[in-house]
Amino acid sequence: MKVMAQMAMVMNLDKCIGCHTCSVTCKQAWTNRTGTEYVWFNNVETRPGQGYPRRYEDQQEWQGGWTLNRRGRLKLRAGGRLKKLATIFSNPKLPSIQDYYEPWTYDYATLTDAPAQEHTPVARPKSLISGKDTKITWSANWDDNLGGSEASFRHDPVLQKVSTDVKRSFEDAFMFYLPRICEHCLNPSCAASCPSGAIYKRAEDGIVLVDQDRCRGWRMCVSGCPYKKVYFNHRTGKAEKCTFCFPRVEVGLPTVCSETCVGRLRYIGLVLYDADRVLEAASTPDDEDLYEAQRSVLLDPNDPEVVRAAERDGIPHDWVVAAQRSPIHALINEYRVALPLHPEYRTMPMVWYIPPLSPVVDVVRDTGEDAEDPDNLFAAIDALRIPIEYLAELFTAGDVAPVDRVLKQLAAMRAYMRDINLGRDPDGSIPAAVGMTEEQMYDMYRLLALAKYDERYVIPPAHAEQAHALEEIATECSVSEYGGGNPEIFGEGSGSLTPLAVENFRMLQDRQTSDTIAAPDDKAARVNLLNWDGKGAPEGLFPPRKDD
Amino acid sequence: MTLQDPGLDSPLVDALVRTRRYFTRGEVSPDLRSLTKRGGREADDFYRDRWSHDKVVRSTHGVNCTGSCSWKVYVKDGIITWETQQTDYPSAGPDRPDYEPRGCPRGAAFSWYTYSPTRIRYPYVRGTLLQMYREGKAQHGGDPVKAWAHVVDHPGRAKAYKSARGKGGLVRASWDEATEMIAAAYVHTIAKWGPDRVAGFSPIPAMSMVSHASGARFTHLVGGSMLSFYDWYADLPVASPQVFGDQTDVPESGDWWDASYLVMWGSNVPVTRTPDAHWMAEARYRGQKVVVVSPDYADNVKFADEWLAVRPGTDGALALAMGQVILEEFYAERATPYFLDYARKYTDLPFLVRIEDGKPGKFLTAEDLAVSTSSIEEQENAAFKTVLLDARTGQPVVPNGTLGHRFGESGAGRWNLDLGDVEPVLALDGTEQATVTLPLFGEVDGSPGEATTEIPVRRVGEHVVTTVYELMRARYAGYTPEWQEPITGVPAQAARRIAREFARNAEESKGRSMILMGAGTNHWFHSDTIYRAFLALTTLTGCQGVNGGGWAHYVGQEKVRPVTGHLHLANALDWSRPPRNMIQTAYWYLNTDQFRYDHFSADTLSAATAGGQLAGLSTADVLAKSARMGWMPSYPTFDRNPLDLCDEAAAAGRPVAEHVVAGLEDGSLRFAGENPDAPENHPRVLAVWRANLLGSSAKGNEYFLKHLLGTTSSVRATETPEDRRPRDVDWVEEAPEGKLDLLLSLDFRQTSTTIYSDVVLPAATWYEKHDLSTTDMHPFVHSFNPAIAPPWQTRTDWDAWQAIARKFSELAGPRLGVRRDVVAAPLTHDTPEAMANPHGRVRDWKLGECEPVPGRTMPRLVEVERDYGAVADKYAAVGPLLDTLGATTKGITYDVSASLDELRARNGAVRGGAADGRPSLERDVHVCESILALSGTTNGHLAVQGFKTLERRTGTRLHDLAAEHEGKQITFADTQAAPQPVITSPEWSGSETGGRRYSPFTINVERLKPWHTLTGRQSFYLDHDWMTELGEGLPVYRPPLNMGALFGEPEVGDVGELGVTVRYLTPHNKWSIHSEYQDNLFMLSLSRGGQTIWMSEADAAKVGVADNDWIEAVNRNGVVVARAIVSHRMPEGTVYMHHAQDRLIDVPLSETSGTRGGIHNSLTRLLIKPSHLIGGYAQLSFAFNYLGPTGNQRDEVTVIRKRSQEVTYS
């Protein structure tokens, strides 16, 4: 047994309101800069829907993640690593910018500068790729709230797998939201795909990062990630991805997406796992067994043997305590209501989901049958409006049993708590029917319903003795490639390895001196903050006062 | 299955890859899957560096939403970088969720505006105007006021710049020149036309009280009119004043947690109450049942246990049917003790109503009782003391707590709901019956009808009377679940079952059934009838005034928790009273000439049982009538400058009120509203700040462009046919265009309002100033703070208006000097003027039905001194009237002298000038401190004092509610540290004492404090003449207006050459807060990036429209060009154009009109319901934003067609 700690997240989809606050705060903090205009480390998908980038779940097409070869050994779906090394100079299998979306802006300045004219001035959309006028035809969130649902239903790769007939009718309408970040997998196929070894998993907390110095822009990681959560920065020519907000997590703060989640549906905490068993679990032959296999890799932090092994393996005591208090451990392994996203990709994702309970179909509506029973306010799980098979395709490789169990647990919690709410005697047979004790049921209710800040996020800060290595300017810096490096073949900016950390505004200036309207003629008058990384005051932010 | 030989790829590859261990700094896992690293992570520097920042500043967004979320604004190198939510709200309790974090994607995208290219950085003036103004100045010796007159009084010049409005050509000006021009316009207008010809519009003080107060204070100091917003936005539920005598008071979202049954009815909580939605999601885990009533598969349906897909606008029918089930099963068949007890104590159900001419008539009052049965003290205000039957004696009695007890000597100590030994009778014994006729309206076309029924009655003296309860039973008898099914599309069984569940839950939980009701049900012409049907559900089941129960109206219901301080400073009541506060819907109905396009008379809306009170009147006539009877305000008031009127009176040597009455009587003076198109009656100056009138709220947007601004529009309607034109209001042959001389706006971003403005001043954003924020969704007051100083030439609203005030005073001092002004003030709620019209009988002095008596049968006429040279001094100091008159809110007057002393010490005193020695208001922080010090919710001394004052009237104990915080004074510094919970105060109807969640009317229920209504109870029955005229004395079903019958629009569902006709709804947008953020690049990137209309697949198929196709929507009011979003979540026959998508982003030219496509309000127009104009009678009396005609917009239809996909923009 090798005990390792993993920072993990659970999202309770049942509470998600689809507001996209997480996406916006994340984008504002991390990717509103040149080269990442189209990048959303965090995005929220309406399901059924095509997702972002569109149809990313179609691994027949994109060849992401792992699969088992004929010998039952794990291999990258896109081909073994030998093939990767052999084909390093050919274009990897990547979504095109149109599959993400062609980012755009508007010539807002016209609104102020328009000369006297016949019509009211208007800001037209301009492609941020070409700088030319554009008609907007796709975006990172095009099918929000079932917009254009005819196409969503036709192209949703998950819906295509669902065998039962799902009607697209007003009466049977359903949807739910799926917020996504990088899964910070235990078995990351992005890292395994990288010919440069630039993607690594932090030893102490499992956060998966791209080493910006080492990345050579091969983009094999983009192909390799089945969730398409590694992005190519077309300015630097390097890969970027969600960092689990490690500068925040290291000091005990939750990620931006979590802390700003107004649905209060995200949980962050540690899990301990047996690193020695990851490969075995990821190699589980039957897809439908992968959920249980993945769960089994996670260790019980209250098991004395595990605690001893953790200490042996260098995990600080307060981290072990945090793992014991972890809401993630409770939701995945104690209450068993959280499920992994697409376990069949075999990457062992570490962002798990509680499936949405609602809405309940109104089958009883027309009959009025339960009107005779005032206590039966909630309809049966098998009357759910969201097809359970759809959820199973997302979370359990198609096995409906675990999803059915979780939904029944949630429904039982509501029924059990209703008695308490109304001052009746609690009915212990309700939790028992879903294999829970009354205490467990109540504790789960507290975690899901009250969801107090310090119970949602149990994050041990990084250790003082490690701070040396975590400082912004590390004194034990080994090799600095600042200002040097090899010219490479990818991307407009990859000829120089000027680190992003000291990114100046040259690119911004370039953009503003170009001939296109996306950077208009009087470029001094505007700065597009979408392209600004928040460092320093770019020229043009405060234009010269011509009249003063 | 067992695993054999787990591993990657093959052993050969393993060997190859294993070599990687030797050329990486990381550690390859033993199984070769992954690379881990420890320490030495210089490569992460970029992300670490990006996260670092210099400071974090607390602020929020002064946007028109009810979020009032506190945010952290990050600043690096003096630049605002981004924002995330604060999480430091005081806990809502250990056994419930908390308020953290509050926010939404829109707020999270705000910092984009700071440096965005749509930011207004300098003052701008319309080029042609500036040029002519400069010419004028040169020609008139540099006199700015003459220069302004040179332009606006010259028809050719005026037309030149007015017709150029909205078409580019803005040029930069200096603050000095811009404010000089603005000041000149004000001085010229006040001198030539009168101060009530200038108006200001800035809505929703709660979202930034100081910024609202700035221009409002200036406007009131010069005698201008501030335009209302709550009614104008159609957010005011008129049923609330009707039923509760309260503007709107609702539970905080934390109280949803207390509900065990929750209906979201037309309220799409995840979109419109984003930071609050979690309370609903979480309360479900506590066993709360959630029902959604919505015509589409709305965002909140995802959370619902049941979804009732009601047809748009028919919600009233469903609610009535549910009420019928409750009355039948929980009152008549089984007398539910909790419900009946509640009904007797807290509702008007036991009160007696006279049967007159076989119809329900007036409430029986003490006046109708023989002196022998009515004590001597009941003779005071007898017409306002309503009567019920005491079951013990069978005799009529006057219970405590009626309106008649609220005022006058004899009521002192008796204005309470204590019934003593009296046992009110609800159901009569049935020994005597009478036939009554009740009005009905056609379920589809709304045509008037009637039904006759037998009800139990009895005699009291000469009167045949019955109880409101018996009337309700008769009223609801026909409104069965089976009746509503064909109207609403909701199965009868579902309606019946939900009604039973709702009531059973209320019975078991003692009132914890709640209805969240929203714009989807409140923006209709007949919303008040829909809402009264809702309120019947929550009141019949004893849910009002109970934590976790009752109505939760969530439509623009902003709560200025420190209301007294804000009210007095914004209205400049510290310097002069009364202010001119105008009902905005009526203002624009007349001044944008929408009244000229009505094709029906006011009595089209009357009931079959009506008495003909509206016969032959147009809506404009009804408005004029309401104004001259003093019911509703009307500014401009007279067809003459009120300053001149005072001079005339002085010259004639008589009081101005007398002069005015004489002039009105002999016809030498008329109300301006009787000839709105005469040049002397036009509004001349309009200032808009914190608002986007022309890109958002202007119902009948194209009429604004045409008649108010005089520029290009796409109005297609025809004028009123001659036989249906107004009777009392003059008709000018040629409708004027370009009535307004100056449109001034202050904003930080370009909107339709700024681009149509003549002068635009650059405003500071919400991250660049001090201010205060509150809401009714949470109980905290918190602050805005500048993360950076206002950049470029931007200024805070407080500073900008101060600059205007200074320039104005400089120009006005020598030109206007000190003048007398006469203000016509309407009869006001919460004052004895609410007893001006006994029994709600209409008496029009102009028709000789009574004498014109100011303050009784017509507006109060008050002479006010205006020292025009001192306006700037007064603006920047707390005035002396607070010392002598105190501060009054909802009928309670506070002695604020201690607060003023404290403010003088805290803010400093002004030295010299007209405000010498007064507490300073020079800076925005001073205003924040003053608002907090002058309000009971933030100053415990005032809360306790106010309750003690109230105790003298109620005779019950109340002040203990605030005693726990008597010594607490929330200062601005406190609000900077963290959101501060407010103090329970008589300014509001609910209690937060002991840290409980706020729910309205808990003080009424628990402390027996009367509602501010005629009976002192929640009202099911309204006996005003015009309510009877409209057939709305009792709850009634009225369908959406029939636009086919009223205006000749095609019927919904028609498919023709021009396209498919659909119901046109404008719900709130997921990607904006009104027009704010809809131009924000983040929101545009997450949505479809421009104007869109959602439609069903069926409707799209009828006209060959595919998703994302360009379409045009056309009706008589205007044209919209947008892209279609086709989805099966939409019901057939209805389209949504989400609210306030401005014309500035990606709107091409229209094929239909050849001009730029419009906004959502280009297809709407104003329609005024006469009952909203009632005044001077009990709870149906005017107060600003409390009562007034609503700017409803949901009854509209439009034709949609696919247009050429080749769009052009210029």
Side-chain angles (χ1 to χ4, degrees), chain A residues 15 17 19-21 24-25 28 73-75 80 82 108-109 111 114 116-117 119-121 136 141 146-149 168 173 191 197 200-201 203 211-213 243 247 260 262 264 279-280 283 285 358-360 362 365-366 368 371 374 377 414 417-418 421 449 469 472 477 500-501 526-527 534, chain B residues 1 6-9 13 24 26 31 33-39 42-43 45-49 51 81-82 84-85 97 105 108-109 115 117-118 166 168-169 270 274-275 277-278 281-282 285-287 289 297 303-306 491 493-494 497 504 750 1086 1089 1107 1125 1127-1129 1146-1147 1156:
Chain A
K15 287 171 78 174
I17 58 175
C19 70
H20 299 254
T21 307
V24 175
T25 50
Q28 287 266 49
R73 286 174 68 108
L74 207 56
K75 67 160 191 168
L82 191 59
Y108 290 103
L111 304 175
Q117 58 189 39
H119 300 294
T120 53
I136 301 157
N141 188 37
L146 301 176
S149 50
R168 194 177 77 251
Y200 61 97
K201 198 166 172 63
D211 183 332
Q212 291 291 311
D213 294 348
T243 67
T260 63
V262 296
R264 306 170 85 248
L279 182 59
E280 175 197 336
S283 307
S358 302
V360 173
D362 29 19
R365 183 188 68 180
D366 305 342
L377 287 172
R414 295 184 65 194
M417 289 306 301
R418 182 166 177 85
N421 185 348
E472 186 168 329
C477 168
L500 287 165
R526 63 185 292 283
V527 166
Chain B
M1 279 212 200
L8 298 173
D9 299 335
V13 182
T24 63
D31 57 19
R33 287 174 303 103
S34 67
L35 184 67
T36 55
K37 274 194 184 184
R38 194 181 289 278
E42 304 76 29
D45 281 356
F46 167 68
Y47 296 107
R48 263 180 225 295
D49 214 35
W51 179 250
T81 53
W82 57 77
T84 63
Q85 292 106 309
Y115 311 105
T118 189
T274 308
H278 71 86
E282 288 157 346
Y285 294 169
R286 217 186 150 207
K289 177 161 182 175
Y297 181 86
F303 293 95
D305 293 299
E306 293 195 57
Q493 283 307 316
R497 187 166 42 76
R504 276 184 192 141
Q750 295 288 9
L1086 284 171
D1107 190 53
I1125 302 182
S1127 174
H1128 71 284
R1129 71 177 295 176
D1146 197 13
V1147 176
R1156 179 83 55 222

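Lettering of chains follows the sequences in order, A, B, ..., and the numbering in each one begins at 1.
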Quiz prompt | Which portion of A:T243 sits near chain B, non-hydrogen atoms under 4.5 angstrom | solution = side chain

Quiz item: Would you say the side chain of B:L1086 lies within less than 4.5 Å of the side chain of A:V24, judging by non-hydrogen atoms?
Solution: yes

Quiz item: Looking at side-chain heavy atoms only, is the closest gap between A:T260 and A:Q28 below 4.5 Å?
Solution: no

Quiz prompt | Heavy-atom closest pair, residues A:A114 and A:Q117 | solution = CB-OE1, 3.7 Å

Quiz item: Can you check whether A:I17 reaches A:V262 side chain to side chain, under 4.5 Å on heavy atoms?
Solution: yes

Quiz item: Among B:H278, B:H1128, B:Q85, B:Q750, which has the most heavy-atom pairs under 4.5 Å with chain A?
Solution: B:H1128

Quiz item: Highest number of heavy-atom pairs under 4.5 Å with chain B: which of A:K15, A:H119, A:H20, A:R264?
Solution: A:R264

